Amino acid sequence: MPVLQPVHVLVLGGTTEARRLAEHLVAHDPGVRVTTSLAGRVSAPRLPPGDVRVGGFGGPDGLAAWVREHGVDALIDATHPFAATMSRNAAEAAAQAHVPLLALRRPGWVAQAGDRWHAAGSLAEAAELLPALGERVFLTTGRMGLAAFAGAELDDLWFLVRSVDAPEPPCPARMEVLLDRGPFTLEGERELLRRHRVDVLVTKDSGGDATAPKLTAAREAGIPVVVVRRPPVPEGVPVARTPDEAVEWVRRL
């Protein structure tokens with residue numbers, strides 16, 4: 001009898017959901033081979049089980065070539081909800097290589113009673129809203145894209161920037177950097193807002209529980225929150241909201 005080869009799944013990772021998906025497939029699905037690809041932007045990432053590669057592919061053509069060369073049977077885009085370029089590349093590469101593609105996206109946050117949310121379509125739009133909302137900004141959008149907050153029109157504002165790795169210029173003129181990695185606790189976020197006298201919070205709509213306590217702390221303190229909307233998933237790409245849903249998709253292949 002012919003030997004059945006395992007289904008090779010390439011997970012474009014870097015998120016908690018990607019790691020949990022790899023953990024589940026490696027532990028419970030012996031007929032699946034998992035390779036997780038990490039962008040390499042974080043200096044000490046938490047590595048998932050299974051095979052791991054680090055670095056870019058060189059655009060959609062490079063990703064499609066890698067998929068064909070390594071016998072990938074299915075592609076799962078489990079990157080950050082704001083990794084729009086990588087998601088577009090994944091959609092183009094899957095079409096070129098003729099492999100199925102799934103997007104794994106945790107649900108976005110939903111405003112609750114008492115929230116003072118201000119929606120923004122981009123980091124630049126978020127920066128424009130700040131002068132009217134506060135003077136001491138807790139910026140939790142990561143170290144990429146700080147240039148949007150480095151304009152002279154924001155020089156009167158003070159920024160507390162939280163990121164996993166140290167940011168690089170251009171940065172806000174008045175800034176303190178807090179190097180930390182979630183998950184964060186509600187008590188910790190309350191104390192941080194109080195200690196730094198934060199009067200406005202800026203966040204991307206990343207969703208999930210790891211960084212959600214800052215929203216609760218801001219609600220309790222009556223602090224306005226600028227929420228940057230996430231980009232849409234490429235048209236025609238099916239979406240799983242949880243790792244369990246992604247596992248079921250893989251098992252149906």
Side-chain angles (χ1 to χ4, degrees), residues 1-107 142 144 164-165 181-183 206-211 230 233-234 237-253:
M1 295 180 63
V3 177
L4 294 178
Q5 296 297 317
V7 174
H8 188 187
V9 177
L10 175 61
V11 178
L12 305 178
T15 59
T16 300
E17 289 74 22
R19 189 171 64 254
R20 288 175 179 169
L21 172 60
E23 289 171 349
H24 192 112
L25 291 175
V26 169
H28 302 291
D29 290 81
V32 177
R33 174 190 169 195
V34 181
T35 299
T36 299
S37 177
L38 303 176
R41 292 177 178 172
V42 177
S43 59
R46 297 172 179 171
L47 298 181
D51 298 331
V52 177
R53 70 171 301 279
V54 179
F57 292 94
D61 294 343
L63 175 54
W66 199 96
V67 165
R68 288 191 290 261
E69 179 182 351
H70 292 83
V72 171
D73 299 295
L75 184 59
I76 297 180
D77 171 19
T79 55
H80 192 277
F82 282 81
T85 298
M86 191 66 241
S87 294
R88 288 193 299 269
N89 290 349
E92 293 182 30
Q96 288 184 32
H98 304 290
V99 297
L101 169 66
L102 177 74
L104 174 54
R105 292 288 186 274
R106 55 181 176 258
M144 309 298 290
V164 176
D165 293 316
R181 186 200 302 263
S206 301
D209 298 329
T211 60
R230 59 174 62 179
V233 172
V237 177
V239 178
R241 294 164 61 90
T242 66
D244 286 345
E245 290 182 10
V247 168
E248 291 304 315
W249 181 83
V250 170
R251 289 174 177 171
R252 290 196 299 268
L253 293 176

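Please read all numbers here as calculations on a predicted model, not as lab measurements.
The salt bridge (Lys or Arg N to Asp or Glu O under 4.0 Å) check on Glu23 picks up nothing, with sequence neighbours excluded. Partners of His24 according to the ring pair (Phe, Tyr, Trp, His ring centres under 6.0 Å) rule, which considers only residues two or more places apart in sequence or in another chain, are His28. Residues passing the salt bridge (Lys or Arg N to Asp or Glu O under 4.0 Å) test with Arg20, sequence neighbours excluded: none. For Arg88, the salt bridge (Lys or Arg N to Asp or Glu O under 4.0 Å) criterion is met by no residue, not counting sequence neighbours. Legend: residues meeting salt bridge (Lys or Arg N to Asp or Glu O under 4.0 Å) with Arg251, ordered by chain and number and at least two apart, are Asp29, Glu248.
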request  = In sequence, state the C-alpha distance, the side-chain angles, and the governing distance for Val99 and Leu10, and then conclude on side-chain contact (heavy atoms from CB on, under 4.5 Å).
outcome  = CA-CA 11 Å; Val99 297; Leu10 175 61; over 6 Å; no
message = What verdict does the side-chain contact (heavy atoms from CB on, under 4.5 Å) test give for Ser37 and Phe57, after you've listed the backbone C-alpha separation in whole Å, the side-chain angles of each residue and the deciding distance to 0.1 Å?
response = CA-CA 10 Å; Ser37 177; Phe57 292 94; 3.3 Å; yes
Full working for side-chain contact (heavy atoms from CB on, under 4.5 Å) between Asp73 and Leu253 = CA-CA 9 Å; Asp73 299 295; Leu253 293 176; 5.7 Å; no
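Looking at Val237, Thr15, Val233 one by one, the single match for side-chain contact (heavy atoms from CB on, under 4.5 Å) with Arg105 turns out to be Val233.
The shortest distance between side-chain heavy atoms of Arg19 and Pro243 does not fall below 4.5 Å.
Taken from NE2 in His8 to CG in Asp51, the straight-line distance is 6.5 Å, to the nearest 0.5 Å. To the nearest 0.5 Å, atom CG of residue Leu21 and atom CD of residue Glu245 are 11.5 Å apart.
Shown here is Arg68, whose CZ atom has more than 12 heavy atoms of other residues, nucleotides or ligands within 6.0 Å.
Looking at every heavy atom in both residues, Thr36 comes nearest to Ala22 through OG1-CB, 3.9 Å. Between Pro60 and Ala93 the shortest heavy-atom distance is O-CB, 3.5 Å. Here the shortest heavy-atom pairing between Asp77 and Ala90 reads CB-CB, 4.4 Å. Heavy atoms only, all atoms of each residue included: Ala18 and Leu104 are closest at N-CD2, 4.4 Å. Of all heavy-atom pairs between Ala240 and Ala246, the closest is CB-N, 3.8 Å. Taking every heavy atom of both residues into account, Leu38 and Gly14 meet most closely at CD2-N, 3.5 Å.
Formation of a donor-acceptor pair under 3.5 Å by the His70 side chain with backbone atoms of Val72 is not found in this model. Although no hydrogens or angles enter the test, the distance criterion places no donor-acceptor pair under 3.5 Å between the side chain of Arg33 and the main chain of Thr35.
Legend: side chain to side chain donor-acceptor pair (under 3.5 Å) pairs involving residues 89-98, not counting sequence neighbours, sorted by first then second residue: Asp61-Gln96.
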